[in-house]
Structures are given as C-alpha cells and as structure tokens.
Amino acid sequence: MTELTREQVLGQLKKVKGPDLESNIVDLGMVSEIFINGGEVAFAVTVDADRAQELEPMREAAAQAVERLDGVDKVMVALTADRAAGSSAGSSNGGAAPRRGPPPGEMAPPPPMQAKAQAQGEQARAAGVPGVQSIIAVASGKGGVGKSTTAANLALGLSAIGLNVGVLDADIYGPSMPRLLGITGRPQAVDGRILNPLEGYGLKVMSMGFLVEEDTPMIWRGPMVMSALSQMLREVAWGELDILVVDMPPGTGDAQLTMAQQVPLAGAVIVSTPQDLALIDARKGLNMFRKVDVPVLGIVENMSYFSCPKCGERSEIFGHGGARVEAEKLGVPFLGEVPLDMEVRLRSDQGQPIVVSVPDSLHANIYRTMASDVWKQIEEGSSAGVREAPSIVIE
Ligand code: ADP
C-alpha cells in the first residue's frame, strides 16, 4: 500500500468549504500542519472562538473528506480558536504563552501565519529574536544517539568560554533538558504573556517539558509544538544572549523542517553514533539543513568508543571513526568524538552534566573544544555578513 501524503490530505480538504461558504478551508489558511502516522491523520482547523460550536459541521466535513482517502484508518480534527496575539481570553494562566499543554483530546492553536503561508504557497521567512545574537540547532537523524546530552554539554561549554547562553528544548518526542540540567518547575509569566525562562547552571532554559504533560499522547504533541515553538522562541524573556542552543526533535521529517524554517538558525550541529545506519540518518539531517540553507557547523560522533574505566582498554563497539570519514566526504567540519562513558550517562540522569560536574574530565574537555569551534564558526559567519534567514516552502 502506498503511503499517505500531506498533499492527498490537502487535496481532500480543498473540497471543504469554509465559513464564508465560498472558498475552501485550505485556501482560507485555516488548516494547521498535518500529521500523518501510518493510517492516522491529525490536524487542526483554526476558527473564530465565538463560532466554534456553529462550525462543528465543518469539522465533521473535514474529517469525512479525509476518511474517504485510501489507507486512512483514523482522522483526528480539532477546531481551535484563533486568539488575537496577547489576548488572554479563555486562558487559565492569564494568557501567558506558551501555555501548558492542553488536556489529551484538545489541541493548542496552530500558528495561523504558518498555516496560511503553507496553504497559500507563500515563502515564510523566520524573523530574528530580539536580544538573541545567534541561534544554533543540535539535531540528529534518529533518536537515542545522544543529541540532548550533546546539546546540554555544548551549551555549558559555550557558557564556560564566557558567553551568555540559552537552551530551547524543542524535542517534542522526549523533552530532556529538565532532567539533564536538573531543573523542575513551571515558567512564570512576566507580564501576562512573556514567560521567564528557568535557569540551570547559568543557562536560561525553556523546554516543552515545562509546558506539556509527559503523558500527553504523541499525536497531539505535534500540532502543539508547532505553535508552542514560535512562542517559546519569541515570547520568552531570554534577555541578552550570545547564543541560543535549540535541541531539535530527532529525525528529518516535516516537523523538523518546519522548525528549521521557523527558527532563524545561524547553523546546525549534527550528532551521530558511528554506526552506519545512524550515519545514513545523519546524512539526511545534513541534507535537510542544506535544503533550508542553514550552514552545518559540523558532525559530532557520540558514543564513539568505549574506554574501560578499570583497565583503560579502548573498545570500538560501534566501529569508531565513521562520522569523521563521513564529514570529510561531505565537506563539513568534524567537531569531535565523544566516548561512551558510564559517568556521562549517570551524571546526565542525575541532572549533573559532565562539563560542570567533572570539568577536568576528558569529556568536559571535548565539549569545551567543540563549543569553541562552534563559536568560532558563528563569529566568522556573522563577520562575513548577516545571513539571510532561511526560507522554504514545504510541499
Ligand atoms: P537523544 O537526545 O539523541 O535521544 P540522549 O542525549 O537522551 O539522546 O541520550 C540517550 C541516552 O544515552 C541517555 O541515557 C544518555 O545519558 C546516554 N548517553 C548519551 N551520550 C552518552 C555517552 N557519550 N556515553 C554514555 N552514555 C551516553
């Protein structure tokens, strides 16, 4: 059976008339990002809050239109209210944004601008974030390769060289910054709308983990993160930051592309294990950033080899060195190899990242070197002229 595509879903949705009964809901820019997971399709339709009840038949028509496609088992459509920016109507936290995740079964509003731009085929352009000099992404082609561990330690490495650093944890599949940096709590609103980031080890941190309940079903998190991400980026009191490190969700699908598009990235760091498979995934990651015109600052080989703490013997469990060779082949910098180490794992789980908890260790040294290398590239990049924000259209 062929895989369902976003275009097929949009094609069906174009048959559904909007509230004006003339144009369709796609052209009206009412349809959010579409999430397809096997035979399950989820999306939101943005409507006027006052008309939600009366537009229920439109929601049903949208669901039925998509259900008619071959291969669709389940369709989830949510009507979401189009809140005016800064409006606190209907929000239990004084309109603070981003809000906590809605209860399962409800969706947060999708970003209307983004939906509109996609629907109309316009080129969306990511604007900068006031006070934040540069933003970099840490990404991986698949989960479990140590992307978040790298992001946290890289951020601390950047902080160790005297920079003001923020971390935006945009990993919807498993926000791990609260655990890695040992931070708990909910961000407080400064003036009803702007949130104060939480702080850990001198880093300013905003995470989906502070905002979304852990047991929120994944299918609902996708649309949520799309709206939350731009709010987490722009409606947070970051203050003056030299650099903001974004921990991306793993993978190279639509969600990642949209993020790469929404965030004005100065560059991206790709984390991979030496395994061939992971490298293929890493290559996809690389291509994704190239597609959206974001410079790849380099590849990190994580869990590169195992150094036995007892006998000192070095075992190359995953066949070490693949990422370095691959980086050379692809013409991108190689940022370093991080050995597999129990200490890294234990300390990560305890919220004591190795760069701050064992600053004299080999690992801390590797991350600091990586940080200097990344910062050097950012500085060179910015002195070479202001880079245009990436602009892409996802089709
Ligand atoms: P991802 O963000 O790619 O899913 P994580 O950073 O959460 O990966 O890491 C996955 C697991 O691997 C975590 O338990 C983490 O502590 C562990 N880990 C990551 N890097 C290393 C390393 N170099 N040595 C040992 N364990 C590691």
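Hydrogens, waters and symmetry mates play no part in the numbers below; they use all other heavy atoms, side chains included. Atoms within each ligand, like the ligands themselves, are counted from 1 in listed order.
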Task: Under 3.5 Å: N/O of Ser148 near N/O of ligand 1 - done: yes
Open item on the list: Considering both backbone and side-chain atoms of Lys147, is one of its nitrogen or oxygen atoms within less than 3.5 Å of a nitrogen or oxygen in ligand 1?
Closed with: yes
Task: Closest to atom 12 (O) of ligand 1 (judged by heavy-atom distance), picking from Met303, Lys142, Met248 - done: Met303
Task: pair Arg283-Leu330: side-chain heavy atoms closer than 4.5 Å - done: yes
Open item on the list: Looking only at distances, can you tell me whether any N or O atom of Gly143, backbone or side chain, sits closer than 3.5 Å to an N or O atom of ligand 1?
Closed with: no
TODO: Select the closest option to atom 21 (C) of ligand 1 among Val271, Val344, Asn153, judged by heavy-atom distance.
DONE: Val344
Open item on the list: Let's go through Asp27 and Lys14 carefully: what are the C-alpha distance in whole Å and the side-chain angles of both, what is the deciding distance for side-chain contact (heavy atoms from CB on, under 4.5 Å) to 0.1 Å, and is it a yes or a no?
Closed with: CA-CA 7 Å; Asp27 289 344; Lys14 280 191 175 183; 4.0 Å; yes
Open item on the list: To check your reading of the model: name the closest protein heavy atom to atom 8 (O) of ligand 1, its residue, and the distance in Å.
Closed with: Gly146 N, 3.0 Å
Open item on the list: Between ligand 1 and Gly144, can you find any atom pair, the residue atom being a heavy atom, that is separated by under 4.0 Å?
Closed with: yes
Task: Side chain proximity check, Arg347 to Pro353, heavy atoms < 4.5 angstrom - done: no
Task: Heavy atom of the protein closest to atom 24 (N) of ligand 1 (residue, atom name, distance) - done: Asp341 N, 2.9 Å
- [ ] Indicate whether any N or O donor in one side chain lies under 3.5 Å from an N or O acceptor in the other, for Ser23 and Asp20.
- [x] yes
TODO: Measure the shortest side-chain to side-chain distance between Val355 and Tyr201 over non-hydrogen atoms and say whether it is less than 4.5 angstrom.
DONE: no
Open item on the list: The test is side chain to side chain donor-acceptor pair (under 3.5 Å); show your working for Ser148 and Asp247 and say whether it passes.
Closed with: CA-CA 6 Å; Ser148 302; Asp247 185 15; 2.7 Å; yes
Task: Selection from Thr149, Ile366, Val138 by shortest heavy-atom distance to atom 6 (O) of ligand 1 - done: Thr149
Open item on the list: Can you name the atoms of ligand 1, numbered from 1 with element, that are less than 4.0 Å from a heavy atom of Ser348?
Closed with: 16 (O)
Open item on the list: Hydrophobic cluster membership, with links at side-chain heavy-atom distances under 4.5 Å among I/L/V/M/F/W/Y: are Leu163 and Trp238 in one?
Closed with: yes
Open item on the list: Are there over 12 heavy-atom neighbours, none belonging to Lys376, within less than 6.0 Å of that residue's NZ?
Closed with: no
Task: Protein heavy-atom partner closest to atom 20 (N) of ligand 1 - residue, atom, separation in Å - done: Asn302 ND2, 2.9 Å
Open item on the list: Closer than 4.0 Å to some heavy atom of Pro339 - which atoms of ligand 1 meet that?
Closed with: 22 (C), 23 (N), 24 (N)
Open item on the list: Please list the nearest protein heavy atom to atom 16 (O) of ligand 1 with its residue and the distance rounded to 0.1 Å.
Closed with: Arg345 CG, 3.2 Å
